[in-house]
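Note sheet for the following structure.
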Amino acid sequence: MSKSNTQKAIEWFDYRLPIFSFMKHSAVEYPTPKNLSYMWNFGSLAGIALVLQILTGIFLAMHYKPDVNLAFDSIQHIMRDVNSGWLIRNMHMVGASFFFIVVYIHMARGMYYGSYKGPREVLWWMGVIIFFLMMATAFMGYVLPWGQMSFWGATVITNLLSVIPFVGEHVVIWLWGGYSVGDATLNRFFSLHYLLPFVIFAVVFLHLWALHTHKSNNPVGIDLKKDTDFIPFHPYYTIKDIFGLGVYLIPFTFMVCYAPEYLGHPDNYIPADPMVTPAHIVPEWYFLPFYAILRAVPDKLFGVIAMVAAIAILFVLPWLDSSKVRSARFRPLFRPLLILFFANMFVLGWVGAKPPEGIYITIGRLATFYHFAFFLILPLVGMFEKPKPVPKSL
Ligand code: HEM
């Protein structure tokens, strides 16, 4: 059969810049383990969530004004006057929460199936870097509507840097661009909030490069050697990812249309007022576990260190976990400890939303203790655990 003109044009182009071969290799023929469960849908969902945030963000930026006198009203203008502005804003707002839900599940999946273990350590590191970048982006994004929580959240969190010995105060003033959170702060946060998602995008590229170098892990967690253990990514996983997206869009669309404020805080509909401090300053839900850790430590400096360490410890997880077996399915000791770790995250999140008083302090401290204890006992768990028999092949 003779080639069509389109085919000829593609070949001509591909010979000079092999972008089509690259796509065919990495998204069509790419050998994927045949036993992946729905837990492996969350990577592609995270990618789609990121792209949705970037797209809706670009349209919001066309109408948003990063000026302390105009920011709050410009959001109202988007909600009321801009065509479909309410839809774009609600998608961006709900999208941020859904992005975190997806990424939290994606990370939990990685921990459960030991996907952080060799040779996927760098893939895991890229993930942890993405997570830090996501948190920075979300934090700055929340400041932009310039409501009470925007202002006071920004004030409390940026003030944490003042604990850095000797230079802390100077660092905070430098970050604010003045002597309090103000117009300069709002401007630079807007600039960085626009920039960082593209940095995340670049790190996701490295994340996927590392993934494609050693291929996906799988629910059994064993190294796959035979060709028959793999199936091509297309059509098997393209169709599965599209199905996953369909399921994701049901609660997402529901929240966007019927409950966009459900995960937000009503105080952020009061314009920022530096003279009135809200009764409780609470961050967005996805920061609450780490906020709880910050407050569990009585000393401010060590509280900040603990909060950062609570996430940064993930960098060394591949070395803390000394077991040769990847999947928690075959690890009778690791599995319950990990499930308790996940449950503990919810406890931390719950405590993070409560005022730091009475019983909440005690629960917060116990939960913080377990958060770190889980990681620190992993070398011993690997040593003493007797794994169940692991199958040699699929
Ligand atoms: C923007 C955020 C992210 C995107 C778009 C993303 C994307 C992906 C994709 C498409 C995959 C392959 C499909 C899958 O295994 O689900 C993947 C795998 C993986 N990701 Fe992510 N990821 C993100 C964040 C993270 C984070 C925060 C971590 C951990 C801290 C992480 C750790 C991993 C690991 C360990 C794998 C390999 C899983 C396996 O093969 O079993 N990712 N990621």
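In listed order, ligands and their atoms are each counted from 1.
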Tell me which protein heavy atom sits closest to [atom], plus the residue, atom name and distance to 0.1 Å.
atom: atom 37 (C) of ligand 1; value: Leu123 CD2, 3.4 Å
atom: atom 18 (C) of ligand 1; value: His106 CE1, 3.6 Å
atom: atom 4 (C) of ligand 1; value: Ala46 CB, 3.7 Å
atom: atom 40 (O) of ligand 1; value: Asn217 N, 2.7 Å
atom: atom 2 (C) of ligand 1; value: Ile130 CG2, 3.5 Å
atom: atom 12 (C) of ligand 1; value: Leu211 CD2, 3.3 Å
atom: atom 28 (C) of ligand 1; value: Gly127 CA, 3.4 Å
atom: atom 5 (C) of ligand 1; value: Gly47 N, 3.3 Å

Any donor-acceptor N/O pair, His207 side chain to Leu123 backbone, under 3.5 Å: yes
Check: Asn187 main-chain N/O paired with Ser191 side-chain donor or acceptor under 3.5 Å: no
Return yes or no for this condition: an N or O of [X] is under 3.5 Å from an N or O of ligand 1.
X: Ser44; value: no
X: His207; value: yes
X: Gly43; value: yes
X: Tyr116; value: no
X: Arg120; value: no
X: Arg109; value: yes

At a 4.0 Å threshold, what atoms of ligand 1 neighbour a non-hydrogen atom of [X]?
X: Val128; value: 30 (C)
X: Trp40; value: 13 (C), 14 (C), 15 (O), 16 (O), 39 (C), 40 (O), 41 (O)
X: Trp124; value: 29 (C), 35 (C)
X: Ser115; value: 35 (C), 38 (C), 39 (C), 41 (O)
X: Ser216; value: 40 (O)

Taking the side chain as everything from C-beta on, heavy atoms only, tell me whether [X] gets closer than 4.5 Å to [Y].
X: Tyr30; Y: His234; result: no
X: Leu186; Y: Phe189; result: no
X: Met91; Y: Leu55; result: no
X: Lys240; Y: Trp40; result: no

[X] and ligand 1 - part of the residue with a heavy-atom distance under 4.0 Å:
X: Asn41; result: neither
X: Met39; result: neither
X: Val204; result: side chain
X: Val103; result: side chain
X: Phe99; result: side chain

Ionic contact status for Arg326 with Asp321, cut-off 4.0 Å: no
Scan side-chain atoms only and decide if [X] and [Y] contain a donor-acceptor pair under the 3.5 Å cut-off.
X: Thr158; Y: Trp176; answer: yes
X: Asp229; Y: Ser393; answer: no
X: Tyr269; Y: Glu261; answer: yes

Ring geometry between Tyr370 and Phe374 (parallel below 30°, tilted from 30 to 60°, perpendicular above 60°): tilted
Parallel, tilted or perpendicular, as decided by the 30° and 60° cut-offs, for the rings of Trp125 and Trp319: tilted
For the student: nearest non-hydrogen atoms of Phe290 and Ala310, plus distance: CD2-CB, 4.2 Å
Between Tyr64 and Phe190, ring centroids under 6.0 Å: yes
His63 ring center near Phe59 ring center (under 6.0 Å): no
Test item, Tyr113 contacting ligand 1 (heavy atom, 4.0 angstrom): no
